[in-house]
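Since the structure comes first, as structure tokens, the remarks are kept for the end.
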Amino acid sequence: MSPVPSYDPTAVEACWQERWGREHANEPELDRPALPFYNLMMFPYPSAEGLHVGNMFAFTGADIYGRFKRLQGYDVFEPIGFDAFGIHSENYALSVGTHPAKLIPQNIEAFRRQLRRFGGMFDWRHELSTTDPRYYKWTQWIFLQLFKAGIAFRKKAAVNWCPKDMSVVANEQVINGYCERHPDTRVEQRVLEQWFFRITQYAERLLDNLDRLDWSDSTRTLQRNWIGKSEGAELIFETPAGAKIAVFTTRPDTVFGATYLVLAPEHPLVDQLTASEQRPSVNAYRREVQGKDVVSRRVGDKTKTGVFLGSYARNPATGEAIPIWTADYVLMEYGTGAIMAVPGHDVRDFEFATEFHLPIREVVRTGEPLPSVSQDGMLVNSGEFDGLSCRDAHRRIVAWLQAKGLATPQVQYRLHDWCISRQRYWGPPIPIIYCDRCGPVGVPEQDLPVELPFIPDFRPDASGVSPLARHKEWYYVKCPSCGAQGRRETDVSDTFLDSAWYFLRYPSTEFDDRPWDPQRTKTWLPVSTYIGGNEHAVLHLLYSRFVTMALQELGHVHFDEPFPKLRAHGLIIKDGAKMSKSRGNVVIPDAYIQKWGADTFRMYLMFLGPFQEGGDFRETGIVGIRRFLDKVWTTAHEAAALTPGASPALPPDLERKLHQTIKKVTADTESLDYNTAIAAMMEYVNLMRERGAGSRGAIEPLLVMLAPYAPHLAEELWSVLGHEQSIFEARWPAYHAELAATGDVEIVVQVNGKVRGRVTVGRGATEQQVVALALRDEAVRKFVDGKPVRKTIYVQDRLLNLVV
RNA sequence: GCCGGGGUGGCGAAAUCGGUAGACGCAAGGGACUUAAAAUCCCUUGGGAGGCGACUCCCGUGCAGGUUCGAGUCCUGCCCUCGGCACCA
């Protein structure tokens, strides 16, 4: 037998990558595909550190699925792109002192090289970058459609402001109330006019549709919690002067226990309801709250503070006058910005009432000490409603107050409208022109894109205005509506808007006159399978769903859910911690690919643990995958050395194992259980080598199953076996149940549930046959010990349990 | 605090419906080949006890109970851990 050449992954991989490129192997026919399959993975942010092992883990898992679909006969479209705008890039550019316009293309180039090297089945004709004017032209176009439809609107909102930076800082950049970049400077709250998208209008639909999406339960739960639907009622508390204070509550059954009211410090009625002698302290309190930054107001110290306004309102249930307070534990953004405080049955109200000596009344008896929040109880101290359950009382009290015009059933969401304004440089300018006469006017579509001007020093300055305002030729522009002197909007849009529609662009990247081609979109969308990390379970996925819904309503797309099937992969950690630059534990795959080859490294990452759970990166164990691939290499070469006619029939046990393997690898690859699929292929190859039966008929189906995992190696060996076409033109092996289930089976014999012996019988043996055999087994007899068998439990082809 | 994962050998893990716990792989130990090493191949490897031996028995899936002929898997109550949300009324 001729000697087998040694496996040199570097050479093999370079050769096949070159050939795939030359033959356009990964570029499906987009206009007339027979069986379109849109295999999407979350596009990366091209960081300066390069593609790290977590990216590669995600992309490998997604690529395996795409290649698997390809082998099943689909025309698979697997695009890739770059999410390159955003504060992330801008901050990095600031820290190294290089302009992002220069930095980003370099990073993208490095990513491209790495992405080619790992062997992804990417259609590079359709690469995109969100920073490309040909792309963000359409990001701006989407903004304009939403603006025209009234879904984009302006409103005031609080932001974090660093007085040193003279700039808005993101919540993540505020550390305990101090600026990340200036640890001695306290961040303040500032209120700015900003652009919002009315996502709350879609809350109910975003929630309802979740039921029909093929997503993991955990991701759907995250979205549900984020949307945060609460059902309850709005109740009216009137003041003697006739002011009406509306509060939202999920517990109208506890209204008899409402002993005071609290308004958020920003509540518009605070001024009016403040008695003159209380005005100084109320104003001081409001100033103090405003001085806090957005972050510490929300997550910081939770000790209760507040001030009495000096006035009273009538409890609609009891009719008694209760004091009105203001306190920052009540948030203006949720509900009506005012609450009825029920200290007996709410922990926060209880703390506040204790602090300020306000009355605490029990109105629901639960058997637990106050405050008790359980709804398993009976009403007390609630007049005619005493004795009712919370459920019944909820309904009846709302009806009773509604009849008096003091209550309305209501639903509230935790979800807020999406603020898309960023007072930053590195993003798509929001396409709006302000005119003193016409107000905010959309940039006419034919003038898109509003290109981001090159500003060499893009840092914010002492003016406190976004850097874009300093570029005068850009900033001043004629009003498209009346022709008068206007000014451009200087904020850019949120990166999440860039990524909320990229999947629509991929199939249509060659068209510059439309955001997406209607025919292409009909053919390819919605996405067949979307694979990405759970860190995007909420924002990115929710925003994409919302944008798609809005676009459908406006007639631009034909579906309302972009990702009917989503799979979330796990996280690769290092030494028990998330990989991050600050921890210094980021693993870069390049050196491993260099040393072991992309195929080995791909499979190693998939073998590390379940794809959907992730795992801890440790380099021990890579060698096990390499040994496996070496075995496959040797076996295939040996099989190739046999003359074609001499390929012997598979031994029966190997044939059985082959079909069991096909069954398992098919099912496991489909469900992304790649670690166990790899284990099954290893078992098969081990058996093949044990039998010395590495024939063509035995190895070829294995190579096809291995191809999604180790595409270069599979191609090479396929060609060594004499095939001229790519292995990806081959078809996934067929599973034959009758071939998987041949031969004898071993049946476990238990006595009283403990394993005491084993008997070998033909498949499908009857219970009587197995019992008879089992009772002849010495060990079994010993434990039956002459006692009568009271009962037998028989599981076909698996187990017999004798109860004595 | 609320919501969701998860806890199995020295390590990563597997066990599709309640049916042989630890597949597959790493590491470790022993052996073969070799002048030697690497590579490769073979054997052993959850813990404990017994036997010259083919083997045999007991214990074992975070903890405590329960259901069942049978529980890693189901139920009840805890502990630990990871992730998300967090003064959301």
Side-chain angles (χ1 to χ4, degrees), chain A residues 6 216-226 228-230 232 247-251 254 258 262 264 297-304 327-331 333-342 345-349 351-352 373 412-416 534-535 537-538 570-571 573 576-578 604 607-610 612-625 627-628 630-631 634 663-664 667-668 671 673 675-683 686 689 746-758 779 782 790-795 798-804:
Chain A
S6 71
S216 76
D217 287 339
S218 63
T219 310
R220 288 191 293 182
T221 304
L222 282 172
Q223 291 226 341
R224 263 190 212 105
N225 292 348
W226 187 265
K229 180 178 181 174
S230 303
V247 306
F248 173 73
T249 177
T250 54
R251 296 292 304 277
T254 62
V262 187
R297 165 83 190 270
R298 292 180 70 91
V299 302
D301 185 9
K302 286 183 181 163
T303 336
K304 297 289 176 288
D328 72 349
Y329 82 94
V330 173
L331 308 173
E333 308 90 82
Y334 186 77
T336 61
I339 61 151
M340 67 173 198
V342 184
H345 304 285
D346 182 282
V347 179
R348 297 149 301 173
D349 297 343
E351 285 170 7
F352 191 82
V373 294
Q412 279 291 335
Y413 299 93
R414 202 198 72 100
L415 181 71
H416 293 135
N534 235 337
E535 69 273 20
V538 177
L571 208 63
I573 54 173
K578 229 185 230 179
Y604 167 65
F607 196 57
L608 204 65
Q612 308 195 49
E613 283 169 35
D616 203 341
F617 183 86
R618 222 169 303 88
E619 39 187 295
T620 61
I622 301 182
V623 68
I625 296 290
R627 283 180 193 143
F628 167 68
D630 277 334
K631 275 189 239 178
T634 307
K663 183 184 184 187
K664 180 144 182 73
D668 286 0
S671 58
D673 292 313
N675 55 335
T676 49
I678 292 170
M681 290 191 275
M682 287 172 165
E683 281 188 57
N686 288 347
R689 294 198 63 77
E746 190 180 67
I747 291 183
V748 167
V749 181
Q750 299 182 332
V751 178
N752 290 337
K754 294 203 169 186
V755 181
R756 298 303 181 187
R758 292 172 177 82
K782 187 175 133 201
R790 285 192 290 125
K791 191 176 168 188
T792 60
I793 290 109
Y794 181 58
V795 181
R798 295 203 77 148
L799 170 140
L800 174 72
N801 189 9
L802 304 169
V803 185
V804 297

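Every chain is numbered from 1 and lettered A, B, ... according to where its sequence line falls, protein lines coming before strand lines.
When each of B:A14, B:C57, B:G19 is scored by its nearest atom to the side-chain atoms of A:Leu799, the top-ranked nucleotide is B:G19. The listed nucleotides are B:A89, B:A14, B:A27; the one nearest the side chain of A:Pro610 is B:A14. Relative to the side chain of A:Asn686, the nucleotides B:C24, B:A89, B:C26 differ in distance, and B:C24 lies closest. Side-chain proximity of A:Phe248 to B:A89, B:C3, B:C58: nearest is B:A89. Set against B:G19, B:C69, B:G4, the side chain of A:Val803 has B:C69 as its closest nucleotide. Nearest nucleotide to the A:Thr249 side chain, out of B:A89, B:C85, B:A21: B:A89. The side chain of A:Thr676 lies closest to B:A15, out of B:A15, B:C24, B:C69.
Judged as a side chain to side chain contact (heavy atoms under 4.5 Å, CB included), and not counting sequence neighbours, the contacts of A:Asp616 are A:Ile573, A:Arg618. Residues forming a salt bridge (Lys or Arg N to Asp or Glu O under 4.0 Å) with A:Arg758 (at least two apart in sequence, or on another chain): A:Glu746.
From A:Met682, atom CE reaches atom CD1 of A:Ile625 across 4.0 Å, with rounding to the nearest 0.5 Å. Here CD1 of A:Ile793 is found 8.5 Å from CG of A:Leu802. Values are rounded to the nearest 0.5 Å.
Rounded to the nearest Å, the gap between the P atom of B:U16 and that of B:A89 is 40 Å. Rounded to the nearest Å, the gap between the P atom of B:C43 and that of B:G4 is 48 Å. Rounded to the nearest Å, the gap between the P atom of B:U68 and that of B:C75 is 16 Å. A distance of about 13 Å separates the C1' atoms of B:G19 and B:G72, rounded to the whole Å. When the C1' atom is used for both B:C63 and B:G48, the distance is 22 Å, rounded to whole Å. Comparing the C1' positions of B:U45 and B:G10 gives an interatomic distance of 10 Å, to the nearest angstrom. Nucleotides B:C87 and B:G9 place their C1' atoms 47 Å apart, quoted to the nearest Å. One C1' atom belongs to B:U34, the other to B:U40, and the distance between them is 12 Å to the nearest Å.
Across all strands, A:Ile793 comes closer than 4.0 Å to base atoms (heavy-atom distances). Residue contacts shown for A:Thr792 are absent, as no nucleic acid heavy atom lies under 4.0 Å away. Looking at heavy-atom distances under 4.0 Å, A:Arg224 makes no contact with the nucleic acid at all. The residue A:Asn225 sits close only to the backbone: its heavy atoms come under 4.0 Å of sugar-phosphate atoms, none of a base. Note on A:Val748: a base of the nucleic acid sits closer than 4.0 angstrom, heavy atoms only. Here A:Glu683 lies in heavy-atom contact (under 4.0 Å) with sugar-phosphate atoms only. A:Asp616 comes within 4.0 angstrom of nothing in the nucleic acid, heavy atoms only. Residue contacts for A:Arg689: at a heavy-atom cut-off of 4.0 Å it reaches no nucleic acid atom on any strand shown. Across all strands shown, A:Arg618 has heavy atoms under 4.0 Å from sugar-phosphate atoms exclusively, and none from any base. Among the protein residues, A:Lys304 comes within range of the nucleic acid bases, having at least one heavy atom under 4.0 Å from a base atom. Among the protein residues, A:Asn675 comes within range of the sugar-phosphate backbone only, with heavy atoms under 4.0 Å from sugar or phosphate atoms but none that close to a base.
Put simply, A:Ser230 has a side-chain N or O that comes within less than 4.0 Å of OP1 or OP2 on B:A89. At the phosphate of B:U40, OP1 or OP2 sits under 4.0 Å from a side-chain N or O atom of A:Arg627. Taking only side-chain nitrogens and oxygens, A:Asn534 never comes nearer than 4.0 Å to OP1 or OP2 of B:G5. In terms of phosphate contacts, A:Lys754 brings a side-chain nitrogen or oxygen within less than 4.0 Å of OP1 or OP2 of B:C59. A close approach under 4.0 Å does not occur between any side-chain nitrogen or oxygen of A:Arg414 and OP1 or OP2 of B:A89.
Here the shortest heavy-atom pairing between A:His345 and A:Val373 reads O-CG1, 3.4 Å.
Taking atom CG on A:Asp349 and atom C1' on B:C87, their separation rounds to 10 Å, with Å as the unit. One atom, CE of A:Met682, and another, P of B:A23, lie 14 Å apart when rounded to the nearest Å. Between the CD atom of A:Glu351 and the C1' atom of B:C87 there is a distance of 8 Å, given to the nearest Å. Remark: P of B:U68 and NZ of A:Lys791 are 10 Å apart, rounded to the nearest angstrom. Between A:Phe617 atom CZ and B:C11 atom C1' there is a gap of 15 Å when expressed in whole angstrom units. For A:Asp673 and B:A23, the CG to C1' distance is 15 Å, given to the nearest whole Å. B:C82 atom P lies 14 Å from atom CG of A:Leu571, rounded to whole Å. To the nearest angstrom, P of B:U20 lies 10 Å from CZ of A:Arg758.
When only modelled atom types and interatomic distance are considered, A:Lys631 and A:Asn686 share a side-chain donor-acceptor pair under 3.5 Å. A donor and an acceptor atom, one from each side chain of A:Ser218 and A:Thr221, are nowhere located under 3.5 Å apart.
Looking at which nucleotide of RNA chain B each of A:Gly753 and A:Asp346 is closest to, the 5′-most match is held by A:Gly753. Residues A:Gln412 and A:Gly609 each lie close to RNA chain B; by heavy-atom proximity, the contact nearer the 5' end of the strand is made by A:Gly609.
No hydrogens or angles were tested; on distance alone, nothing pairs the side chain of A:Arg798 with the base of B:U20 as donor and acceptor under 3.5 Å. A donor-acceptor contact under 3.5 Å is not formed by the side chain of A:Glu613 with the base of B:G5.
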Checklist entry - Step by step, would you call A:Thr676 with A:Lys664 a side chain to side chain contact (heavy atoms under 4.5 Å, CB included)? => result CA-CA 8 Å; A:Thr676 49; A:Lys664 180 144 182 73; 4.1 Å; yes
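In RNA chain B, consecutive stretches of 3 or more Watson-Crick or G-U wobble pairs with both distances under 3.5 Å are given as paired ranges: B:1-7 with B:79-85, B:10-12 with B:24-26, B:28-32 with B:40-44, B:46-50 with B:55-59, B:62-66 with B:74-78.
Here the side chain of A:Arg756 pairs no donor or acceptor atom with the backbone of A:Val751 at under 3.5 angstrom. Panel note: side chain A:Asn801, backbone A:Gly753; a donor-acceptor pair is recorded below 3.5 Å. Listed for the A:Asp346 side chain is a donor-acceptor partner under 3.5 Å among the backbone atoms of A:Asp349.
For the pair A:Lys304 and A:Tyr329, the cation sits on the ring face: its NZ or CZ lies under 6.0 Å from the ring centre, inside 45° of the axis.
In B:C11 the base sits anti relative to the sugar, since the glycosidic angle is further than 90° from 0. Glycosidic conformation of B:G9 is syn; the angle stays within 90° of 0.
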